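It should be emphasised that the depicted structure is a prediction, and the values quoted were computed from it without experimental measurement. The basis for the numbers below is simple: all heavy atoms, side chains too, and nothing from hydrogens, waters or symmetry mates.
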Amino acid sequence: MSAPAPSPLAIVDVDPGKAPARQDEILTEAALAFVAELHRRFTPRRDELLARRDARRAEIARASTLDFLPETAHIRADDSWRVAPAPAPLDDRRVEITGPTDRKMTINALNSGAKVWLADFEDASAPTWENVIGGQVNLIDAYERRIDFTDPNSGKSYALKPAEELATVVVRPRGWHLDERHLQLDGTPVPGALVDFGLYFFHNARRLLDLGKGPYFYLPKTESHLEARLWNEIFVFAQDYVGIAQGTIRATVLIETITAAYEMEEILYELRDHASGLNAGRWDYLFSIVKNFRDGGEKFVLPDRNAVTMTAPFMRAYTELLVRTCHKRGAHAIGGMAAFIPNRRDPEANEKALAKVRADKDREAGDGFDGSWVAHPDLVPVARACFDAVLGDKPHQKDRLREDVSVTAADLIAIDSLDARPTYQGLVDAVRVGIRYIEAWLRGLGAVAIFGLMEDAATAEISRSQIWQWVDAGVVFENGEKATAGLVRKIADEELAAIRADLGDAAFTAGAWQQAHDLLLKVSLDTDYAAFLTLPAYELLD
């Protein structure tokens with residue numbers, strides 16, 4: 001390992017008397033030196049790529065279309081290349097559970113019976129400094145088997161199962177657009193992605209190898225193969241820095257932006273020595289469609305989010321192309337989220353919801369996916385049964401090449417092929433969910449149970465984006481009401497009053513309800529569409 005120079009990184013806006021527990025164990029001189037070097041080498045390129053996103057969005061606004069890239073056609077046409085073979089801990093990924101890195105979730109996710117735990121520093125974790133540092137502590141404690149938890153309300157204790165029964169950890173750092181204001185170099189914040197990746201990798205790379213695993217990552221919000229190239233350069237540098245073999249790091253890329261859907265092969269190509277698969281998201285993908293085509297006219301107006309299932313023609317094109325692309329290149333194809341939270345007090349409603357989960361996972365397994373996501377431990381056996389029925393004893397089904405799939409550029413953005421329209425109830429639901437999620441996020445919670453579903457930041461993004469789009473398009477609902485800023489404010493005010501009446505004044509005031517209401521209206525109604533609601537929300541986060 002290179003001898004670290006004293007780190008010039010400053011820890012900013014952290015009261016020493018209120019610093020997270022064991023902060024000094026994470027922010028060691030050597031770890032900070034590594035993060036500082038990542039920042040020096042790679043943040044300028046990150047900044048260029050963020051500017052490129054803006055330029056590309058402007059071009060989409062002009063052309064109202066997207067296409068596969070002509071300059072990378074040779075990569076798509078070359079049938080000879082493959083990604084590196086999966087390491088043994090990532091060969092069978094039939095069920096993956098997602099969730100934040102708080103102490104209780106760390107134990108429950110590792111014990112869940114899932115093959116993989118997506119340990120989330122991104123959409124399921126509000127980036128308070130306590131969460132950023134605490135998550136790193138919890139992962140180290142888990143690997144060292146010194147983690148336990150006692151619920152202060154129930155008194156129930158939690159501890160890890162034997163090592164061979166634990167899920168493999170795949171960490172999701174923050175997206176490229178988010179900075180970490182508490183770590184700065186000469187007054188410039190370090191990108192949150194480099195903080196999350198850097199601290200985790202530095203402390204755990206060798207520890208994981210000793211455990212027979214490795215440093216594995218999920219890469220979120222990727223918009224182009226050039227962003228994947230940047231990650232690959234970071235991986236190469238990081239492995240050299242700590243003296244481990246190239247290819248030890250493995251990354252699965254979330255194809256959750258519409259632009260990335262046109263560059264799936266190129267993304268795998270850029271990461272090919274470190275790639276382990278692609279994942280098909282849903283809410284962030286729809287959010288990206290609205291964001292990029294928000295001024296494309298009526299044909300790009302999405303109906304209620306719950307009406308856009310994975311069987312919608314343009315979503316089916318995206319998922320089938322993903323499976324074909326992954327298997328052509330030897331990578332895992334991982335399906336979307338089952339967000340339902342089982343409710344044992346209502347068996348009838350429970351069974352109806354579980355039937356939908358089974359149908360969704362049966363479809364994914366039947367389409368050729370190698371695994372899928374769930375948000376709750378009770379769904380692990382449900383999803384596993386669906387994939388067991390197709391996979392049997394095989395770890396995956398990469399041999400299903402899906403050469404029957406043929407997807408055109410137009411298929412991926414054929415939004416108007418869906419026979420559904422926005423509804424008034426859809427608007428009400430978007431406001432209700434948006435306020436509730438943002439309020440919890442401002443209190444430091446990123447994974448939130450709302451109306452029987454486990455929601456994360458992507459839920460709030462699609463909710464506020466649909467409000468924005470419907471108002472901008474002047475949608476007229478089935479009840480004759482037109483989507484206007486005034487109508488949205490009326491619904492939001494009524495919802496806030498209902499929440500206050502339900503909670504009582506004391507509990508209402510103790511929360512962040514007014515801030516959440518105001519922020520939702522701002523990002524839903526401002527003429528200048530915010531690229532990510534978490535950017536203005538971060539300014540309000542304690």
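- Between F34 and Y241, the angle of the ring planes lies from 30° to 60°, which puts this pair in the tilted group.
- For the pair K291 and F532, the cation sits on the ring face: its NZ or CZ lies under 6.0 Å from the ring centre, inside 45° of the axis.
- Remark: the E364 side chain and the S372 side chain contain an N/O donor-acceptor pair separated by less than 3.5 Å.
- Annotation: ring pair (Phe, Tyr, Trp, His ring centres under 6.0 Å) contacts involving residues 206-228, sequence neighbours excluded, comprise F197-F217, Y200-F217, Y218-W373.
- Between D196 and R172 no salt bridge is recorded (no basic side-chain N to carboxylate O distance below 4.0 Å).
- Side chain to side chain, E256 and W283 fail the donor-acceptor criterion of an N or O pair below 3.5 Å.
- Looking only at side-chain heavy atoms (C-beta outward), I341 and L453 stay at 4.5 Å or farther from each other.
- The side chain to side chain donor-acceptor pair (under 3.5 Å) test with D370 is passed by exactly one of Q397, H327, H396: H327.
- A salt bridge is defined here as a Lys NZ or Arg NE, NH1 or NH2 lying under 4.0 Å from an Asp or Glu carboxylate O, and E122 with R174 fails to meet this definition.
- Taking the charged nitrogens against the carboxylate oxygens, D102 and K104 have no contact shorter than 4.0 Å, which rules out a salt bridge.
- Under a 4.0 Å N-O distance rule, the pair E37/R41 qualifies as a salt bridge.
- In this structure, T252 and L278 have side chains that are not in contact, with every pair of non-hydrogen atoms separated by 4.5 Å or more.
- Counting heavy atoms from C-beta on, the side chains of F42 and W231 never come closer than 4.5 Å.
- We find that E227 and R56 are not joined by a salt bridge, their nearest charged nitrogen and carboxylate oxygen being 4.0 Å or further apart.
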> Is there a side chain to side chain contact (heavy atoms under 4.5 Å, CB included) between I462 and Y285 once you walk through the steps?
Replying inline: CA-CA 9 Å; I462 185 59; Y285 190 74; over 6 Å; no

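- There is a side-chain donor-acceptor pair under 3.5 Å between T168 and K213.
- Across every non-hydrogen atom of L194 and L38, the tightest pair is CD1-O, 3.8 Å.
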I'd like a table of donor-acceptor pairs (distance under 3.5 Å, sequence neighbours excluded) in which one partner is a side-chain atom from residues 535-542, with atom names and distances.
residue: Y538; atom: OH; partner: E180; partner atom: OE2; Å: 3.3
residue: Y538; atom: OH; partner: R181; partner atom: N; Å: 3.1

Which donor-acceptor pairs under 3.5 Å do side chains of residues 329-338 form with protein atoms, sequence neighbours excluded?
residue: R329; atom: NE; partner: E265; partner atom: OE1; Å: 2.9
residue: R329; atom: NH1; partner: D78; partner atom: O; Å: 2.7
residue: R329; atom: NH1; partner: W81; partner atom: O; Å: 3.3
residue: R329; atom: NH2; partner: I75; partner atom: O; Å: 3.3
residue: R329; atom: NH2; partner: R76; partner atom: O; Å: 3.2
residue: R329; atom: NH2; partner: D78; partner atom: O; Å: 3.1
residue: R329; atom: NH2; partner: E265; partner atom: OE1; Å: 2.6
residue: H332; atom: ND1; partner: K398; partner atom: NZ; Å: 3.2
residue: H332; atom: NE2; partner: L90; partner atom: O; Å: 3.4
residue: H332; atom: NE2; partner: D91; partner atom: O; Å: 2.8

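- Ion pairing between a basic and an acidic side chain is recognised when a charged N comes within 4.0 Å of a carboxylate O; R22 and D141 show such pairing.
- A side-chain N or O of Q246 and one of D240 form a donor-acceptor pair less than 3.5 Å apart.
- With a 4.5 Å cut-off on side-chain heavy atoms, S465 and Y529 count as touching.
- The cationic atom of R272 (NZ for Lys, CZ for Arg) lies less than 6.0 Å from the six-membered ring centre of Y269 and within 45° of the ring axis.
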